[in-house]
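Worth saying up front: this structure is predicted, and the values here are computed from it rather than measured.
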Amino acid sequence: MMRSDEVKKGHNRAPHRSLLRATGLKDEDFDKPFIGVSNSFIEIIPGHFFLDKVSDIIKDEIRKNGCVPFEFNTIGVDDGIAMGHDGMLFSLPSREVIANSIETVMNAHKLDAMIAIPNCDKIVPGMIMGALRVNVPTVFVSGGPMAKGYTKDGEPIDLATVFEGVGKFETGEISADELDDLECNACPSGGSCSGMFTANSMNTLMEAMGIALAGNGTILALTKEREELYRKAARRVCEIALMEQEEKAKYNIKNILNENAIRNAFAVDMAMGGSSNTVLHMLAIAIEADVDFNLSDINKVSKRVSHIAKISPSLTTVHMQDIDKAGGVSAVMHEMSKRGEDILLDNLTITGEMLKERIANAKIVDTNIIHTIDNPYSQVGGLAILYGNLAEQGAVIKTAGITGERVFTGTAVCFNSQDEAIKGIIDHKVKAGNVVVIRYEGPKGGPGMQEMLAPTSLIMGMGLGDSVALITDGRFSGATRGASIGHVSPEAAEGGMIGLLQDGDSIHIDVDKYILSVDLSDEEIAKREANFVPIKKPLKSRWLQQYRALVTNASSGAVLKTDL
């Protein structure tokens, strides 16, 4: 029996079949599995404007393999375009809309299996969260990464270069013509932005979790190789959907995306220096997968994983296409497996083999791009969770992106919004030796936890990257580099210490000891707490009002409360 039989079998489903016939179904189609094709096509996102043609390829392959495809769309927000204005408030909340839409469509129509086509930003984790709620066999195949760009002089560039170029232009380091060169050439084609930013980090981690095919994170968009990956994914979802019930149930997504898969994702994230946003999203995914994995577990993973692949923005000349040519994610995992405990190899993947079988023949082709475990960039992973009186519930730093010292003590310069911070940085209120504090940008305070690529890029572009740190209860773009600490929890809007900070406070950061603290006595902290009233920003948006009322803080993945 198929799940879709509930809407298509028996005399009392004649009205349902009548409606389905209106969409073009024939008698023979009612004996075939119904496959949901969850697409994130939207014309304003470079990684998604071509996905309508991708779904045509996938649906064609599904029909050829004895199943019936039903395409439906989710929304999408482009973080780069939403960056630096109040449009970014809607970015993280869009993850919940996407998850809810998949759960709604798949369960309302009782579809048997799903193939999901994400690519960028919140869309990948939103689709994974929705798929976990439905818990049917699901194959993920992303649109693919963008090719890197080149300046007129042949220097490799990407979107992060343009953001940093704004800072360089502000200081007179580059001309308007040079900034125009960056703008016009950094994003040369469709695809998810070419570095190890949030989109490509998540697309890579799907390989580690086994819910996508090998190559999903690195094969370039709009290539013949990518088209074959789409077709292979479509064939696989049909193979599973046509299996006998007991065999098919093995591939329900919760059986693939289990605790081992979550730990594998974090291990690969550490090895490749992924976006700090992956922490936020993987914690939310773990909750949906019913896996007991929390923020404090991440440092345990980091301590036993070597950082062996450095990609833009951490190493600005290396991009996803270079990783692909050097052996891809499978080569990274195969190299990691030489240490034994880094990768849990006895885990089923959606393609039917165990992870150890998938990566058995993978090898590093270019050790200048993917290092060996004997020659890592760092003996520990590329992400770390910091704790202390300034982050009792944790804060996240992308250690792979640090350009200065790993131990830093500086004086606070406080801003109550990203806009205030951008103006302050441009007006030279930030000097070497400062710690920039941006608060009231957390899940509740923002609301929506804005990404902070503009201020971090200004700091880098103005030559302060090695001498200034930044902390925020908001978050960062995957394109951020420098000593940037985000997700500070508790956030200012819920009374966290970050809200009590004052200009001139001495803040201490020690990445290797996992410390983020402010040098204040207990008496001084108590005095400030007694007079503290968190700022609550006025909101016109009804959706953001709902979100602020329901969202938890970043230490639990900024998921929405359900036990009201």
Side-chain angles (χ1 to χ4, degrees), residues 38 40 45-48 51 74 76-80 91-92 94-96 98-99 102 116-132 138-146 159 191-219 221 253 256-257 261-289 298 309 311-313 319-320 323 328-329 332-333 350 382-383 396 398 400 449 451 475-480 487 557-559:
S38 178
S40 53
I45 304 179
H48 293 249
L51 295 185
T74 66
V77 171
D78 187 294
D79 281 11
S91 174
L92 185 58
S94 75
R95 188 185 73 180
E96 312 309 312
I98 292 163
I102 285 180
I117 316 170
N119 214 24
C120 296
D121 302 321
K122 309 308 102 33
I123 299 158
V124 181
M127 283 190 159
I128 296 173
M129 291 163 68
L132 285 163
T138 304
V139 179
F140 281 82
V141 60
S142 302
M146 180 187 293
L159 182 64
S192 48
C193 295
S194 55
M196 193 67 167
F197 312 150
T198 304
N200 289 330
S201 296
M202 290 303 305
N203 289 330
T204 294
L205 299 194
M206 286 197 286
E207 287 192 50
M209 290 186 282
I211 59 175
L213 280 60
N216 183 71
T218 58
I219 297 173
I253 189 169
I256 307 292
L257 209 171
I262 296 287
R263 293 185 180 277
N264 284 345
F266 275 113
V268 170
D269 206 7
M270 299 297 177
M272 299 184 70
S275 163
S276 58
N277 279 321
T278 57
V279 174
L280 192 72
H281 299 319
M282 288 306 304
L283 290 175
I285 287 166
I287 290 170
E288 298 289 358
I298 294 173
I311 309 153
S312 178
H319 295 80
M320 299 311 294
I323 296 295
V329 180
V332 172
M333 289 192 285
I350 196 64
L383 291 169
V396 180
K398 181 174 178 175
M449 207 176 182
E451 286 188 349
R475 60 195 175 92
F476 300 111
S477 164
T480 290
H487 308 198
V559 297

**Request:** Specify the closest pair of heavy atoms between L205 and D269, including all atoms of both residues, with the distance to one decimal.
**Result:** CD2-N, 3.7 Å
**Prompt:** Passes side chain to side chain contact (heavy atoms under 4.5 Å, CB included), F140 versus M127? Steps please.
**Reply:** CA-CA 9 Å; F140 281 82; M127 283 190 159; 3.8 Å; yes
**Fill in**
Distance col, row L257:CG vs T138:OG1, nearest 0.5 angstrom, shows 10.0 Å
**Request:** Give a yes or no answer on whether the side chain of N119 reaches the backbone of G144 with a donor-acceptor pair at less than 3.5 Å.
**Result:** yes
**Item:** Separation of M282 CE from I298 CD1 (nearest 0.5 Å)
**Value:** 9.0 Å
**Message:** Using a 3.5 Å distance criterion without hydrogens, assess whether the side chain of T204 forms a donor-acceptor pair with backbone atoms of N200.
**Reply:** yes
**Message:** With a 3.5 Å distance limit and no angle check, can you tell me whether N216 reaches the backbone of N203 through a side-chain donor-acceptor pair?
**Reply:** yes
**Complete:** Correct closest heavy-atom pair for A221 and G143 would be CB-O, 3.3 Å
**Asked** Any side-chain heavy atom of V141 within less than 4.5 Å of one from L213?
**Response** no
**Prompt:** Would you say S312 and F197 make side-chain contact, with heavy atoms under 4.5 Å?
**Reply:** yes
**Request:** Please tell me if the side chains of P125 and I285 come closer than 4.5 Å, counting only heavy atoms from C-beta onward.
**Result:** yes
**Request:** Starting at CE of M320, measure out to CE of M196 and round the result to the nearest 0.5 Å.
**Result:** 5.0 Å
**Item:** Note, M146 side chain near H319 side chain (heavy atom, < 4.5 Å)
**Value:** no
**Prompt:** Closest heavy-atom contact between A265 and A208?
**Reply:** CA-CB, 4.0 Å
**Prompt:** Any idea which heavy atoms bring G274 and L383 closest together, and the distance?
**Reply:** O-CD2, 3.6 Å
**Prompt:** After noting the C-alpha distance and the side-chain angles of M209 and I128, does the key distance pass the side chain to side chain contact (heavy atoms under 4.5 Å, CB included) rule?
**Reply:** CA-CA 11 Å; M209 290 186 282; I128 296 173; 4.2 Å; yes
**Item:** Rounded distance [0.5 Å steps], OG in S142 versus CD1 in I219
**Value:** 11.0 Å
**Complete:** Rounded to the nearest 0.5 angstrom, the NE2-CE distance for H281 and M202 is 6.5 Å
**Request:** Verify, without hydrogens or angle tests, whether E207 (side chain) and G215 (backbone) share a donor-acceptor contact under 3.5 angstrom.
**Result:** yes
**Residues S275 and T198: side-chain donor-acceptor under 3.5 angstrom** = yes
**Item:** Non-hydrogen atoms of L280 and A558 that approach each other most closely
**Value:** CD1-CB, 4.0 Å
**Item:** Side-chain heavy-atom pair S91, E451 within 4.5 angstrom cut-off
**Value:** no
**Message:** Taking the side chain as everything from C-beta on, heavy atoms only, tell me whether K398 gets closer than 4.5 Å to P313.
**Reply:** yes
**Asked** Looking at S276 and V396, what are the two nearest heavy atoms and their distance?
**Response** CB-CG1, 3.7 Å
**Asked** From S201 OG over to N277 CG, what is the distance, rounded to the nearest 0.5 angstrom?
**Response** 8.5 Å
**Request:** Apply the test side chain to side chain contact (heavy atoms under 4.5 Å, CB included) to residues I323 and I311: give CA-CA distance (whole Å), side-chain angles for both, the deciding distance (0.1 Å), then the verdict.
**Result:** CA-CA 8 Å; I323 296 295; I311 309 153; 3.8 Å; yes
**Message:** What I'd like to find out is whether the side chain of P145 reaches to under 4.5 Å of the side chain of S194, using heavy atoms alone.
**Reply:** no
**Message:** Between R475 and L92, does the side chain to side chain contact (heavy atoms under 4.5 Å, CB included) criterion hold? Intermediate values first, please.
**Reply:** CA-CA 10 Å; R475 60 195 175 92; L92 185 58; 3.8 Å; yes
**Prompt:** Below 4.5 Å, heavy atoms only, C-beta onward: do D121 and V77 meet side chain to side chain?
**Reply:** no
**Message:** Under a 3.5 Å distance rule, please check whether H48 uses its side chain to pair with a backbone N or O of S40 as donor and acceptor.
**Reply:** yes
**Prompt:** If only atom types and distance count, is the side chain of D78 paired as donor or acceptor with the main-chain N or O of I45 below 3.5 Å?
**Reply:** no
**Message:** Taking K122 first and then D79, would you say they form a salt bridge - that is, a charged N and a carboxylate O separated by under 4.0 Å?
**Reply:** yes
